[in-house]
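Note on naming: letters A, B, ... go to the chains in the order of the sequence lines (proteins, then strands), and numbering restarts at 1 for each one. Treat the numbers as computed from the prediction; the structure is a model and nothing was measured.
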Amino acid sequence: MNSLWQYANPRKFNDTADKILPWIAVLSTTCLFTGLTWGAFFTPPAERFQDSVKIIYLHVPSAMMAINAWLMMLAASLIWLVRRHYVSAMAARAAAPVGIVMTLIAMVTGAIWGQPTWGTWWAWDPRLTSFLILFMFYIGYVALWSAIENDDIAADLTSILCLVGSVFAVLSRYAVNFWNQGLHQGASLSLDREKNVADVYYTPLLLCIAGFALVFIALVLLRTRTEIHARRIRSLQLRERGDDNA
Amino acid sequence: MLESGKYADLVLLSYTVSLLLLFALVAVSLWQSVRNRKKLEDIEKRIKRHD
């Protein structure tokens with residue numbers, strides 16, 4: 001059986017990414033287009049939120065991906081720290097800008113939804129605040145990668161930053177449960193039927209979640225391939241400079 | 001419908017901002033991918049010629 005570790009080989013990773021990327025791109029576009037069209041045009045207004053409930057199709061999937069992106073970066077960082085496969089470090093680096101955009105979408109749509117629901121664009125609520133801190137961690141993570149020239153040292157330091165930031169990723173997910181206060185409601189999806197989102201919104205929401213998850217996977221594959229190329233460019237340029245000096 | 005509710009403008013704003021951010025990210029990622037691939041090919045060709 002083929003091991004997962006074969007993808008630590010950059011050539012194997014890129015070949016596989018080339019093959020599956022178009023399929024994931026088509027599938028993600030289909031899921032997003034169907035879910036958003038269904039949700040925006042063919043679901044009724046909710047009793048409490050009225051038609052602002054339609055923001056759920058962007059807010060919930062992007063918030064989920066903002067947290068999951070950081071957890072994916074955590075897994076990739078741990079693989080780098082333990083096994084020193086540089087493709088995993090590149091994957092973590094590639095995921096960060098996607099995580100930033102997901103966090104930004106979650107915060108912007110949350111603010112827009114908060115206005116009619118709570119009467120304010122922003123509140124220092126546990127979930128909102130932990131999301132803002134997560135956003136700052138993302139920015140710091142990208143900045144740290146850019147600030148260090150040596151890729152291996154940058155991967156080591158950003159991996160440690162990622163471990164620390166994971167506390168806030170988990171806090172963002174469970175902030176409502178931990179503090180049980182603030183404006184933000186609990187999770188929209190639950191196995192408890194009473195707490196789960198109403199049936200009429202459920203399927204388009206699941207489609208949007210699948211769409212956002214697939215967009216994330218497609219972008220991480222594409223950007224990891226780019227990072228692998230960039231690293232190869234840097235090492236070839238160093239070799240060229242070495243040859244010129246010799 | 002999206003255009004007929006009390007908060008339609010806010011809903012439309014959130015869809016517009018989100019989709020713009022997503023499209024911008026996809027566009028930048030594709031542009032970086034094409035640029036780096038081309039740059040790598042050029043360097044590899046140059047090194048082959050040197051060798």
Side-chain angles (χ1 to χ4, degrees), chain A residues 14 21 25 28-29 32 36-37 39-45 49-55 57-59 61-62 94 97-98 100-102 104-106 108-117 211-212 215 218-223 225-233 235-237 239-240 243, chain B:
Chain A
N14 281 351
L21 246 174
S28 63
T29 311
L32 261 187
L36 289 176
T37 310
F41 294 103
F42 303 104
T43 55
F49 299 107
Q50 300 186 38
D51 60 322
S52 74
V53 73
K54 294 172 196 296
I55 299 174
Y57 305 109
L58 295 161
H59 180 67
S62 57
V98 189
I100 288 179
V101 169
M102 293 293 175
L104 207 53
I105 292 175
V108 170
T109 54
I112 295 172
W113 202 0
Q115 226 298 316
T117 311
F212 268 81
V215 165
L219 283 171
V220 170
L221 286 175
L222 176 70
R223 297 181 64 88
R225 194 178 68 185
T226 305
E227 291 297 340
I228 290 170
H229 286 160
R231 187 179 161 116
R232 173 113 179 106
I233 289 168
S235 76
L236 288 177
Q237 281 174 335
R239 209 177 98 183
E240 275 189 318
D243 288 348
Chain B
M1 294 287 280
L2 193 62
E3 67 272 14
S4 62
K6 186 179 169 190
Y7 300 116
D9 49 347
L10 291 178
V11 176
L12 200 61
L13 177 66
S14 61
Y15 275 67
T16 308
V17 172
S18 304
L19 293 178
L20 275 178
L21 282 169
L22 270 184
F23 283 134
L25 178 66
V26 170
V28 168
S29 303
L30 283 172
W31 174 72
Q32 287 176 334
S33 170
V34 171
R35 189 191 58 175
N36 271 14
R37 186 173 271 202
K38 197 179 168 317
K39 199 171 174 184
L40 181 60
E41 279 170 7
D42 288 347
I43 293 177
E44 282 177 336
K45 262 186 217 160
R46 204 166 57 223
I47 286 178
K48 252 185 204 163
R49 267 205 310 268
H50 256 261
D51 293 342

Student: Here's a test for you: under side-chain contact (heavy atoms from CB on, under 4.5 Å), which of A/Leu32, A/Thr43, A/Thr37 qualifies with A/Tyr57?
Tutor: A/Thr43
Student: Examine whether an atom of A/Leu58 lies under 4.5 Å from a heavy atom of chain B, and if so say whether it belongs to the side chain, the backbone or both; otherwise answer neither.
Tutor: side chain
Student: Counting heavy-atom pairs under 4.5 Å to chain B, which of A/Ala218, A/Ala25, A/Ser52 comes out on top?
Tutor: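 That would be A/Ser52.
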Student: In terms of heavy-atom proximity below 4.5 Å to chain A, should B/Val26 be classed as side chain, backbone, both, or neither?
Tutor: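 Both backbone and side chain.
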Student: Which atom pair, heavy atoms only, marks the closest approach of A/Lys54 to B/Tyr15?
Tutor: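 What the structure gives for the nearest pair is O-OH, 3.0 Å.
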Student: At their closest point, which heavy atom of B/Gln32 faces which heavy atom of A/Thr226, and how far apart are they?
Tutor: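 For B/Gln32 versus A/Thr226, the nearest heavy atoms are O-CG2, 3.7 Å.
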Student: Write down the atom of A/Asn14, the atom of A/His229, and the distance for their closest heavy-atom approach.
Tutor: ND2-NE2, 3.6 Å
Student: Side chain from CB out, backbone as N, CA, C, O: work out which of these in A/Leu219 comes under 4.5 Å of a heavy atom of chain B, or both, or neither.
Tutor: side chain
Student: Using non-hydrogen atoms only, which part of A/Pro45 is less than 4.5 Å away from chain B: side chain, backbone, both, or neither?
Tutor: neither
Student: So what's closer than 4.5 Å to chain B heavy atoms on A/Val215: side chain, backbone, both or neither?
Tutor: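 For A/Val215, the side chain is the part near chain B, not the backbone.
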Student: What part of B/Leu30 lies closer than 4.5 angstrom to a heavy atom of chain A: side chain, backbone, both or neither?
Tutor: both
Student: Please check: side-chain N/O of A/His59 versus main-chain N/O of A/Ala106, any donor-acceptor pairing under 3.5 Å?
Tutor: yes
Student: With a 3.5 Å distance limit and no angle check, can you tell me whether B/Ser29 reaches the backbone of B/Leu25 through a side-chain donor-acceptor pair?
Tutor: yes
